[in-house]
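Side chains included, hydrogens not; waters and symmetry mates left out as well; all remaining heavy atoms used. The first residue of the sequence shown is numbered 1, and numbering continues consecutively from there.
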Amino acid sequence: MSKLEQVLVLNPPNELTFTGPFTSVVSRELRLTNPSTKKVLFKVKTTAPKRYCVRPNSGVLEPNSQITVSVMLQPFDYDPNDKNSHKFMVQSLFVPGGSSETPDLLWKEANPSQLMDSKLRCVFLLETDTILNNLDRSTTSGDDNLKVILPKPNRSLTPERAVASTTVGAVPTKSGQGNFDDEARRLIAQCNQLNNEVKKLREENSRLRDDGLRLRNIGASQSYAPTLDGASQLTNPAAPAPPILYLVVMLFVGLIIGKFLL
């Protein structure tokens, strides 16, 4: 028996795009619509359950109704060279007419041929990637009304936040569009360079911290040596007497000699 076609309408239909930086939770909405005249059960599953929080991840959709599912990506260290294979699957199931069974029991007793599903892949982008994509689309389509507008410098922004603050606006720039595009690409390249320098500084800071811990451990292991040497000096009979002892002896001898002379 052939598999049933998905009855729910998904928006977006094919992929979930998450835009960084990914130092905090990034949320994306997934809208599910039931255009049929029957109740539909739904479940949202993922290949990386520890990386996402989905609310709600299951429920019942009434006929001709819709629901918005929030998909929250947890913070992580983003590396554009890493291959992303995260995927989501939305499963659905018609509720039998007049059924009083709970959703859990309906899912458990459902025949695999009754299940419908749709799959979405996850896409991770930085703000700079989004800007370059917009520039490429505007150049390809011949749109002369798009220009990258960079905000005024803010000394309180780190290089990472400075990249995130770059925006795209619509400003008429009929002439000199190529110069603006080149300038925007140059600034974006500088932002990427700053990001690389920040990464190098973090690695250097980590290396210095490890060196400091190693030197501290070496110092701690050697700090017991002076104590042992000091104890040996106190118990060494050949150690010279302090100069103050000579002065006391000479004073005592002088008093005795003076007494006999007097």
For residues [X] and [Y], determine if any side-chain heavy atom of one lies less than 4.5 Å from a side-chain heavy atom of the other.
X   : Y    : value
S58 : V44  : no
F42 : V60  : no
K43 : M89  : no
V40 : L93  : no
L10 : S118 : yes
L16 : V123 : no
M72 : V54  : no

When you measure from the side chain of [X] to the backbone N and O of [Y], does any donor-acceptor pair fall under 3.5 Å?
X    : Y    : answer
T47  : K87  : yes
E109 : L106 : no
Q6   : V90  : yes
N34  : K38  : yes
N84  : C122 : yes

Is there a path of hydrophobic side-chain contacts, each under 4.5 Å between heavy atoms of I/L/V/M/F/W/Y residues, joining [Y] to [X]?
X    : Y    : answer
F94  : W107 : no
L41  : M116 : no
L115 : V9   : no
I67  : F88  : yes

Atom [atom1] of [X] and atom [atom2] of [Y]: how far apart are they, to the nearest 0.5 Å?
X   : Y    : atom1 : atom2 : answer
T46 : H86  : OG1   : NE2   : 7.0 Å
T68 : L30  : OG1   : CG    : 8.5 Å
S92 : Q114 : OG    : CD    : 11.5 Å
L73 : C53  : CG    : SG    : 11.0 Å

**Asked** Which residue pairs pass the ring-ring contact (aromatic ring centres under 6.0 Å, His included) test with at least one member in residues 4-23, sequence neighbours excluded?
**Response**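 The answer is F18-Y52, F22-F76, F22-Y78, F22-F124.
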**Item:** Heavy-atom closest contact (S36 atom, V7 atom, distance)
**Value:**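 Distance-wise, the nearest heavy atoms are CB-CG2, 3.9 Å.
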**Asked** Going through the checks in order, is the side chain to side chain contact (heavy atoms under 4.5 Å, CB included) test met by T33 and N11?
**Response** CA-CA 8 Å; T33 304; N11 184 22; over 6 Å; no
**Prompt:** How about S70 and E29: does a side-chain donor come under 3.5 Å of a side-chain acceptor?
**Reply:**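 Absent: no donor and acceptor within the cut-off.
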**Asked** Does a donor on one side chain sit under 3.5 Å from an acceptor on the other, for N111 and S113?
**Response**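 Side-chain D/A pair, N111 to S113: present.
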**Message:** For residues 56-85, which residue pairs pass the salt bridge (charged side-chain N to carboxylate O under 4.0 Å, His left out) check, not counting sequence neighbours?
**Reply:** K39-E62
**Request:** Check salt bridge (Lys or Arg N to Asp or Glu O under 4.0 Å) between E15 and all other residues, then give those that pass, not counting sequence neighbours.
**Result:** R121
**Asked** Counting only heavy atoms not in R55, do more than 12 fall under 6.0 Å of its CZ?
**Response**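 Open.
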**Request:** Step by step, work out the side chain to side chain contact (heavy atoms under 4.5 Å, CB included) result for L120 and N14.
**Result:** CA-CA 5 Å; L120 303 92; N14 300 317; 6.0 Å; no
**Message:** Between D117 and K3, does any side-chain N to carboxylate O distance fall below 4.0 Å?
**Reply:**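 Counted as a salt bridge, because a side-chain N and a carboxylate O are separated by less than 4.0 Å.
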